[in-house]
Peer 1: 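The structure's right below; bear with me while I get my questions together.
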Amino acid sequence: MTLTDTQTTPVPADLPADLLDLDARDPLAHKRAEFLLPAGVVYLDGNSLGPLHRSVPERIERVLRGEWGEGLIRSWTANAEAALDWMALPDRVAAKIARLIGARPHEVAVGDSTSVNLFKALAAALALVPDRRVILTDADNFPTDLYVAQGLNALLGGRYELRRVPNTEIAAHLSLEIAVTLLTEVDYRTGRRLDLAGLSAQAREHGALTVWDLAHSAGAFEVDLNGAGADFAVGCGYKYLNGGPGAPAFLFVAERHHAGAPVALSGWMGHADPFEMARDFVPAPGARRFVPGTPQVLSLSALDAALDAFEGVEMAELRAKSLSLTDTFIGLMEPLCAAHGLMLVTPRAHAQRGSQVSYRAPDAQAVMRRLVERGVIGDFRTPDILRFGFTPLYHSHADVWRAVQGIRAVLEGQTP
Ligand SMILES: Cc1ncc(COP(=O)(O)O)c(C=O)c1O
Ligand SMILES: Nc1c(O)cccc1C(=O)C[C@H](N)C(=O)O
């Protein structure tokens with residue numbers, strides 16, 4: 001299959017004029033050409049794995065042959081003045097992510113997986129509220145968030161209660177018992193978006209700390225962690241940030257916690273001076289102390305290159321387009337829902353919607369399998385969810401139209 005400049009994809013002949021007009025006025029339309037996508041595919045799964053950014057293959061080639069092949073170990077420190085040294089690569093990537101999530105560069109650490117960063121964040125947060133014993137979370141939180149909390153609690157002698165409540169009832173369950181709220185801003189199944197600012201403020205009023213999972217937020221719309229007074233956050237590098245499979249994740253630690261938050265995984269690369277080879281851990285300044293080991297240079301380089309897609313992008317514009325895409329999709333899907341028994345589970349209210357649209361559907365797994373065969377790539381999530389992710393950097397309203405035509409064909413049992 002060839003990877004193509006998706007700008008060459010022809011506009012469907014039957015595209016309604018209002019959608020054509022929305023695409024003609026799209027201030028982000030030029031971004032589409034930066035991504036390499038397979039021809040004939042409508043890719044609605046960038047919320048699981050972002051596509052390949054045009055700059056990545058060239059960057060990886062340069063890192064492989066030039067920096068690794070030729071530079072060898074010298075590349076850890078070479079060309080620092082030109083910001084090309086590997087040692088400070090995590091910091092450069094952190095600065096790019098910081099802009100997208102309303103953080104300052106030294107509040108963001110990049111490395112490890114989201115799960116590992118959840119562990120570090122939760123361990124630090126719990127230690128900062130030593131007199132409380134309840135972790136409040138969403139009953140339907142992403143499994144890794146629940147498993148990490150369970151594992152950490154077991155390590156801590158089982159002294160915490162993991163209180164799981166529906167994500168519509170978090171505020172009602174805040175009390176003086178809660179040590180930490182462990183919440184994912186956008187629900188991976190339904191696409192429901194929580195009120196990060198409001199819940200952070202309410203948690204603070206109750207003396208609880210917040211750990212936010214931004215897996216389905218970072219790069220999808222503007223996030224303002226400091227504006228919200230959030231304490232800790234984590235997120236994935238391979239979803240809306242397009243860093244590639246297994247890309248390093250990020251961890252946000254608000255500056256006010258740097259001095260007091262314990263570093264559970266205190267490794268040598270989080271030391272203030274790793275090559276001093278000192279016997280005792282002295283943390284590096286800022287959030288970098290939370291990345292214990294050697295930076296993952298190849299995957300960090302891919303993420304670094306892919307993040308340039310956000311350069312010059314106004315996040316409010318990104319959000320406006322995301323809402324326009326999801327509104328259009330919801331509207332076009334309405335007759336199909338009525339005819340084929342699909343139920344929209346994503347909130348219609350903009351403030352409560354991430355950048356995906358999901359439906360409960362009869363026979364959802366088989367429907368998604370047929371959709372993928374037709375080139376409309378979304379996700380099936382248990383037990384009966386069809387999930388479609390929209391990414392304003394490379395989707396057009398014409399893509400939404402194409403996707404709905406594909407869904408109609410599958411639901412009506414047409415053969416490709
Ligand atoms: C909400 C959420 N958190 C975390 C993860 C992933 O964590 P990790 O990067 O450790 O696989 C995902 C997706 O896999 C997710 O949807
Ligand atoms: N991380 C993933 C992987 O390694 C394989 C397949 C899917 C994923 C995902 O990211 C799943 C995703 N977090 C979700 O929201 O469903």
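We count ligands from 1, going down the list as the structure has it; atoms in each ligand are counted the same way. Since this is a predicted model, take the numbers as computed values, not measurements.
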Peer 1: Measure the acute angle between the ring planes of H216 and Y240, then classify it against the limits of 30° and 60° as parallel, tilted or perpendicular.
Peer 2: perpendicular

Peer 1: Between Y160 and R133, is there a cation-pi geometry (under 6.0 Å to ring centre, at most 45° from the normal)?
Peer 2: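 Yes; both conditions hold, so R133 lies above the ring face of Y160.
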
Peer 1: In terms of heavy-atom contacts, does CD1 of I73 have more than 12 from other residues, nucleotides or ligands at under 6.0 Å?
Peer 2: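 Counting other residues, nucleotides and ligands, CD1 of I73 stays at 12 neighbours or fewer.
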
Peer 1: With a 4.0 Å cut-off on N to O distance, would you call R353 and D327 a salt bridge?
Peer 2: yes

Peer 1: In a simple table, one pair per line, please give the protein and ligand 1 atom names for every N or O pair closer than 3.5 Å, along with the distance.
Peer 2:
{"from": "ligand 1", "atom 1": "3 (N)", "to": "D213", "atom 2": "OD2", "distance (Å)": "2.7"}
{"from": "ligand 1", "atom 1": "9 (O)", "to": "T114", "atom 2": "N", "distance (Å)": "3.3"}
{"from": "ligand 1", "atom 1": "9 (O)", "to": "T114", "atom 2": "OG1", "distance (Å)": "2.9"}
{"from": "ligand 1", "atom 1": "9 (O)", "to": "Y238", "atom 2": "OH", "distance (Å)": "3.0"}
{"from": "ligand 1", "atom 1": "10 (O)", "to": "T114", "atom 2": "N", "distance (Å)": "3.4"}
{"from": "ligand 1", "atom 1": "10 (O)", "to": "S115", "atom 2": "N", "distance (Å)": "2.8"}
{"from": "ligand 1", "atom 1": "10 (O)", "to": "S115", "atom 2": "OG", "distance (Å)": "2.5"}
{"from": "ligand 1", "atom 1": "11 (O)", "to": "Y238", "atom 2": "OH", "distance (Å)": "3.2"}
{"from": "ligand 1", "atom 1": "14 (O)", "to": "Y238", "atom 2": "OH", "distance (Å)": "3.3"}
{"from": "ligand 1", "atom 1": "16 (O)", "to": "H216", "atom 2": "NE2", "distance (Å)": "2.7"}

Peer 1: Report the distance from atom NE2 of H271 to atom CZ of F281, rounding to the nearest 0.5 Å.
Peer 2: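 One finds 7.0 Å between NE2 of H271 and CZ of F281.
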
Peer 1: Counting only heavy atoms from other residues, nucleotides and ligands, does the tally under 6.0 Å from CD of E169 exceed 12?
Peer 2: yes

Peer 1: Hey, which residues fall under 4.0 Å of ligand 2 on heavy atoms?
Peer 2: S48, F142, Y188, H216, Y238, K239, R381, R387

Peer 1: What distance separates R192 CZ from S358 OG, expressed to the nearest 0.5 Å?
Peer 2: 12.0 Å

Peer 1: To the nearest 0.5 Å, tell me how far D231 CG sits from L128 CG.
Peer 2: 8.5 Å

Peer 1: Say you draw a straight line from CZ of F35 to OG1 of T391; how long is it, rounded to the nearest 0.5 Å?
Peer 2: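 Atom-to-atom, F35:CZ and T391:OG1 are 8.5 Å apart.
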
